[in-house]
Amino acid sequence: MKFLSPPDQAEYRRKVWDVVRQIPEGQVATYGQIAALIPPSKGMDPGDYAAWSARWVGGAMAACPDDVPWQRVINSQGKISLRPNAGAERQRQLLEDEGVEFDARGRVDLDVYSWAGPSQEWRQAHGLVSIGGS
DNA sequence: TCCTTGACTCAGA
DNA sequence: CTCTGAGCCAAGG
């Protein structure tokens with residue numbers, strides 16, 4: 001799914017995967033968090049980007065390579081975003097195997113497992129937004 | 001060609 | 001804290 005595809009979708013998805021690969025085992029990141037690390041394409045309206053980038057990340061996950069730890073990416077509520085019949089149980093299983101715990105409602109405590117993001121150095125090397133924002 | 005269907009998030013109730 | 005609805009594009013049937 002992509003809604004409002006970014007001008008450079010292939011490029012965008014590649015960046016998303018690079019970021020996801022940095023998420024350490026036992027930690028999780030949200031779609032919005034990943035999106036916030038990647039700057040909008042030149043000329044793109046910041047408002048539109050903020051509104052749709054999270055979905056683009058979701059779209060990137062839908063087609064990610066096997067070496068991408070897609071299970072560590074969940075929604076802003078700390079819940080699995082996959083539909084029950086699309087691998088949600090598998091995702092939860094993978095996370096639990098890494099030590100991530102789910103509460104009674106099937107949510108992950110983001111205060112405990114949320115990833116802090118890649119190092120400033122890594123961000124610069126990959127052309128992502130720097131710490132401190134613009 | 002028309003209609004459905006998405007790995008999301010945020011504000012309101 | 002939980003549940004709803006809005007925002008909005010494109011590929012596939």
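Note that this is a predicted model, so its numbers are computed, not measured. Below, read A as the first sequence line, B as the second, and so on, with proteins coming before strands; counting in each chain starts at 1. Because only heavy atoms are used, hydrogens play no part in the values below, and waters and symmetry mates are left out as well, while side chains stay in.
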Residue pairs, two or more places apart or on separate chains, that pass salt bridge (charged side-chain N to carboxylate O under 4.0 Å, His left out) and touch [range]:
| range | value |
| --- | --- |
| residues 28-54 of chain A | none |
| residues 102-120 of chain A | A:D103-A:R107 |
| residues 12-23 of chain A | A:E11-A:R14, A:D18-A:R21, A:R21-A:D67 |

Whole angstroms only, please: what is the [atom1]-[atom2] distance between [X] and [N]?
| X | N | atom1 | atom2 | result |
| --- | --- | --- | --- | --- |
| A:K79 | C:dT2 | NZ | C1' | 8 Å |
| A:Y12 | B:dA7 | OH | P | 17 Å |
| A:L82 | B:dT5 | CG | C1' | 15 Å |
| A:I80 | B:dC8 | CD1 | C1' | 14 Å |
| A:M61 | B:dA7 | CE | P | 13 Å |
| A:Q77 | B:dA7 | CD | P | 16 Å |

Set out, in order, the CA-CA distance, both residues' side-chain angles and the distance that settles side chain to side chain contact (heavy atoms under 4.5 Å, CB included) for A:S5 and A:Y12, then state yes or no. CA-CA 10 Å; A:S5 326; A:Y12 191 82; over 6 Å; no
The salt bridge (Lys or Arg N to Asp or Glu O under 4.0 Å) partners of A:R92 (sequence neighbours excluded) come to A:E96
Mind checking what makes salt bridge (Lys or Arg N to Asp or Glu O under 4.0 Å) contact with A:E98, not counting sequence neighbours? A:R72
Could you name each residue pair satisfying ring pair (Phe, Tyr, Trp, His ring centres under 6.0 Å) that touches residues 14-49 of chain A, not counting sequence neighbours? A:Y49-A:W56
With sequence neighbours left out, which residue pairs that include part of residues 104-131 of chain A fulfil the ring pair (Phe, Tyr, Trp, His ring centres under 6.0 Å) condition? A:W122-A:H126
Taking the same atom, C1', in C:dG13 and in B:dA7, what whole-Å distance lies between them? 22 Å
Value for CD (A:E25) from CG (A:L95), rounded to nearest 0.5 Å, stands at 10.0 Å
Could you tell me the separation between the CG atom of A:L82 and the CZ atom of A:R90, rounded to the nearest 0.5 Å? 10.0 Å
Going by the side chain to side chain contact (heavy atoms under 4.5 Å, CB included) test, name the single residue among A:V20, A:L94, A:D97 that passes it with A:Q71. A:L94
Option from A:I23, A:V73, A:I74 for which side chain to side chain contact (heavy atoms under 4.5 Å, CB included) with A:V28 holds: A:I74
With the threshold set at under 4.0 Å for non-hydrogen atoms, list the residues of [range] touching DNA chain B in residue-number order.
| range | result |
| --- | --- |
| residues 83-109 of chain A | A:R83, A:Q91 |
| residues 13-26 of chain A | none |
| residues 65-76 of chain A | A:W70, A:N75, A:S76 |

Mind listing the N/O atom pairs, protein and nucleotides 8-10 of chain C, below 3.5 Å?
from  : atom 1 : to   : atom 2 : distance (Å)
C:dC9 : O4'    : A:L4 : N      : 2.6

Could you pull out all residues at least two apart from A:E89 that satisfy side-chain contact (heavy atoms from CB on, under 4.5 Å)? none
